[in-house]
Amino acid sequence: MCGITGWIAFDHDLVHHQETVDAMTRSMAPRGPDASGVWVSRHAALGHRRLAIIDLAGGTQPMTVDTPHGPVAMTYSGEVYNFVALRRHLRGRGHRFRTDSDTEVVLHSYLEWGEEMVDHLVGMYAFAIWDGRCDRLLMVRDRLGIKPLYYHPTEDGVLFASEPKGILAHPAVEACVDHDGLRDIMLGVKTPGTAIWHGMQELKPGSLATADRGGVRETTYWRLTARDHTDDLDTTVARTRELLTGSVREQLVADVPRCVLLSGGLDSSTIAGLAANELSADGRRVRTFSVDFPGHTDHFARDSHNVSPDAPYVRIVAEHLDADHSDLMLDATSLSEPAVRRAVVQARDLPVGRGDMDHSLIQLFTAIRDHSTVALSGEGADEMFGGYWWFHDPVLRRSPGFPWLTAALGQTRQERAFLPPDLSTALDLPAYATERYREAVAETPSLDGEDSTQRRSRELLYLHLTRSLAGMLDRKDRLSMAVGLEVRVPFCDHRIAEYAFNTPWSFHTVDAREKSILRAAGRTVVPDAVLGRLKSPYPMTRDHRYVSALQEQVREALSQPDHDVFSLFDKAAATKAAYTDHDHHPNPHGHRAALEKFLDLQTWLDLYRPRLTL
């Protein structure tokens, strides 16, 4: 796992611009704390920061192969899980390898198959290959978009990086956010291919892009498709278990310590159970980590969606698996610390507004990094197997909008009450949300003859897999890589996604519960108490001192009436949020969300001033 950068310029000699490439590469340092490398030729410069996972001694980058007609160089981030089988196949076709790394296997796959190499790769990856034989750059991103890759076309080439900050480090790039960028920030839906920064794009999941003297062209090499599902229920459960077992087995391969993120829910417990089975074959115990808050279990107040605290279920799973388990306890003071918010916003390049859910995650990752370099996580299960409650609510299933936003607001119109009136009018979020929603629904593949229930279920799964999961994966990647931790997501194997997407909805709900197929597939490794647990979302602290700290920070900001944040957040709305009694607020969740959004926006503006223009 690493951070990559690059600059292709057909009208410049980049040998004279290595300082710029060095600066772009330094911006990726948290993603790769173990090594740094830059490769520069006349028209191509590649940078790399390495987090060593496989072949610690031999996987240095950028990696090159000299051919009679010019060099082929690659900068690569991620893991290809089938690299051992690929290397064996390539050796049979005459390729010779100097290292044991998956990086070299990917490079030789390109030499063998060119762009068609993508059909042979299984894993999470984002990489760029400069082919000096034809002066062309190839950029590739994995099928589900687990690893990020951004690019910015220029007059004579292209800039690219794992994160926008790598591109923004180039002196010719202006840190500008236009109205479309603000719409994405305020709406909270990750539209494939968009970046909030003007002139910048994110390479879409399952896509590749080529850059040559004719410009940059993007092509999709994989997408979800509708297929007939011919397996019966028992076979479907067995096949799902087989796919998950294989994915976990592949993703445990590493030359560094590994662990599992454990919440006590079905998803993470299934991953932990399968990992424990694999490790026990060699006499090893699974290492697990979770996050909790002082007094959270004792003072837990159940509501319609937060149905149970995690800690009791975490203990049940850890004992069931004989796991080497650790809890990270976080109090209101550590969660509300402005320096933590700053680290989160800097890692994500975005004022997302998830507050303590992000703050606890980055602190958990920091603590894990003292013990492990690789962590397995349960992202993707809810999106693939219909786990969220709104999949099963008749009203929300029929609602014409992104269901997770409708569920949060209680309405399909996507107004944001905190926006200044003139900005609210200019952005017109309701119209923007409607347009983005209709685009996604129109893309949804289907089979002729499907009934309305199956068709709508496909649409909901597709919305989540292409518009919601992308944001979850981006969050996990940015916050983990900010502290040099690689998080792997076994559910996000494209073979699992394809199979789950085409499983009949009646199978997903066969026991009148969410995620029926996954529940049955995990039965052999998950304790009964967890199998019967109702889904509960990622935990938020209930400590009133946390909200009080947020209000105090907003009141401090209000003493700076000329701050740029008031161009994005209405001053009257900020004042109301800062001084309203949270315990008696008619919408406590909305009140807290407003405080988080204000502080994230303020922090984001402070980080990017004076370069940022809106």
Side-chain angles (χ1 to χ4, degrees), residues 182-190 293 296 300-307 332 335-336 341 344-345 350-360 388-390 393 395-396 399 401-421 423-425 427-430 432-434 437 468 471-472 475 536-555 557-558 565-566 568-604:
L182 288 176
R183 291 183 180 106
D184 283 340
I185 287 172
M186 302 305 179
L187 183 62
V189 173
K190 194 168 174 60
F293 315 110
H296 187 72
F300 185 83
R302 176 172 175 159
D303 58 35
S304 57
H305 305 301
N306 295 276
V307 297
L335 288 169
S336 61
R341 184 180 301 275
V344 165
V345 173
L350 282 169
V352 178
R354 290 180 64 93
D356 71 302
M357 291 187 287
D358 278 355
H359 300 182
S360 64
Y388 296 113
W389 65 270
W390 46 80
D393 182 282
V395 174
L396 283 172
S399 295
F402 295 107
W404 57 93
L405 296 182
T406 304
L409 293 175
Q411 57 185 11
T412 55
R413 287 184 60 81
Q414 295 300 318
E415 289 97 344
R416 296 295 184 268
F418 60 80
L419 290 175
L423 182 60
S424 181
T425 300
L427 297 185
D428 193 2
L429 283 181
Y432 184 73
T434 298
Y437 170 76
S468 173
M472 299 296 291
R475 171 193 186 226
S536 206
Y538 186 87
M540 298 169 62
T541 180
R542 306 295 184 92
D543 191 331
H544 69 275
R545 291 172 295 184
Y546 177 74
V547 178
S548 296
L550 300 188
Q551 290 186 293
E552 178 59 33
Q553 291 168 25
V554 174
R555 287 195 285 268
L558 286 165
V565 70
F566 297 112
L568 302 177
F569 200 109
D570 184 67
K571 192 173 297 185
T575 302
K576 183 178 180 180
Y579 289 99
T580 298
D581 182 354
H582 178 76
D583 291 336
H584 298 93
H585 195 282
N587 180 10
H589 178 76
H591 177 232
R592 180 164 164 168
L595 294 167
E596 302 282 20
K597 192 68 173 183
F598 177 91
L599 292 171
D600 272 12
L601 285 167
Q602 179 195 32
T603 303
W604 179 67

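Heavy-atom basis, side chains included; hydrogens, waters and symmetry copies ignored.
Side-chain contact between Q602 and Q553 is absent, with no heavy atoms from C-beta onward closer than 4.5 Å. The shortest side-chain heavy-atom distance between L396 and W389 falls under the 4.5 Å cut-off. For the pair D543 and L335, the minimum side-chain heavy-atom distance is 4.5 Å or more. Proximity of Y432 to D184: side-chain heavy atoms (C-beta onward) are separated by under 4.5 Å at one or more points.
Judged by distance alone, with hydrogens and angles left aside, the side-chain atoms of Q551 form no donor-acceptor pair with the main-chain N or O of L595 at under 3.5 Å.
Residues F566 and A574 come closest through the heavy atom pair CE2-CB, 4.3 Å. In terms of heavy-atom proximity, M357 sits nearest to P539 at CG-O, 4.0 Å. Residue G401 comes nearest to T406 through the heavy atom pair C-OG1, 4.2 Å, listed as atom of the first residue, atom of the second, then distance. The shortest non-hydrogen separation linking V554 to F598 is CG2-CD2, 3.8 Å. Contact between S360 and F293 at its shortest, heavy atoms only, is CB-CE2, 4.3 Å.
Expressed to the nearest 0.5 Å, how far CG of N587 lies from OG1 of T580 amounts to 11.5 Å. Atom OG1 in T541 sits 12.5 Å away from atom NE2 in H359 (nearest 0.5 Å). Here the OG-CZ distance, from S424 to F418, works out to 9.5 Å after rounding to the nearest 0.5 Å. Rounded to the nearest 0.5 Å, atoms CZ (R354) and CE (M540) are 9.0 Å apart. Taking OH from Y538 and CE from M472, the interatomic distance works out to 10.0 Å, rounded to the nearest 0.5 Å. L187 CG to L405 CG: the interatomic distance, rounded to the nearest 0.5 Å, is 5.5 Å.
In this view, Y388 and W390, H464 satisfy the ring-ring contact (aromatic ring centres under 6.0 Å, His included) rule, not counting sequence neighbours. Every residue meeting the ring-ring contact (aromatic ring centres under 6.0 Å, His included) condition with H585, not counting sequence neighbours, appears here in chain and number order: H591. For R555, the salt bridge (Lys or Arg N to Asp or Glu O under 4.0 Å) partners are E552, not counting sequence neighbours. Shown here are the side-chain hydrogen bond (donor to acceptor under 3.5 Å, both in side chains) partners of H296, two or more places apart in sequence or in another chain: there are none. With sequence neighbours left out, the ring-ring contact (aromatic ring centres under 6.0 Å, His included) criterion links F402 to W404, Y437.
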(message) As a quick check of understanding, evaluate side chain to side chain contact (heavy atoms under 4.5 Å, CB included) for M186 and L601, giving each step before the final call.
(response) CA-CA 10 Å; M186 302 305 179; L601 285 167; 4.2 Å; yes
(request) Apply the test side chain to side chain contact (heavy atoms under 4.5 Å, CB included) to residues L419 and L429: give CA-CA distance (whole Å), side-chain angles for both, the deciding distance (0.1 Å), then the verdict. (result) CA-CA 10 Å; L419 290 175; L429 283 181; 4.0 Å; yes
(request) Could you check H582 against L550 for side chain to side chain contact (heavy atoms under 4.5 Å, CB included), going step by step and ending with a plain yes or no? (result) CA-CA 11 Å; H582 178 76; L550 300 188; over 6 Å; no
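By the 6.0 Å contact criterion, NZ on K571 is enclosed, its count of non-hydrogen atoms from other residues, nucleotides or ligands being greater than 12.
Within the structure, every pair that satisfies the salt bridge (charged side-chain N to carboxylate O under 4.0 Å, His left out) test and touches residues 588-602, not counting sequence neighbours, is listed here: R341-E596, R341-D600, D356-R592.
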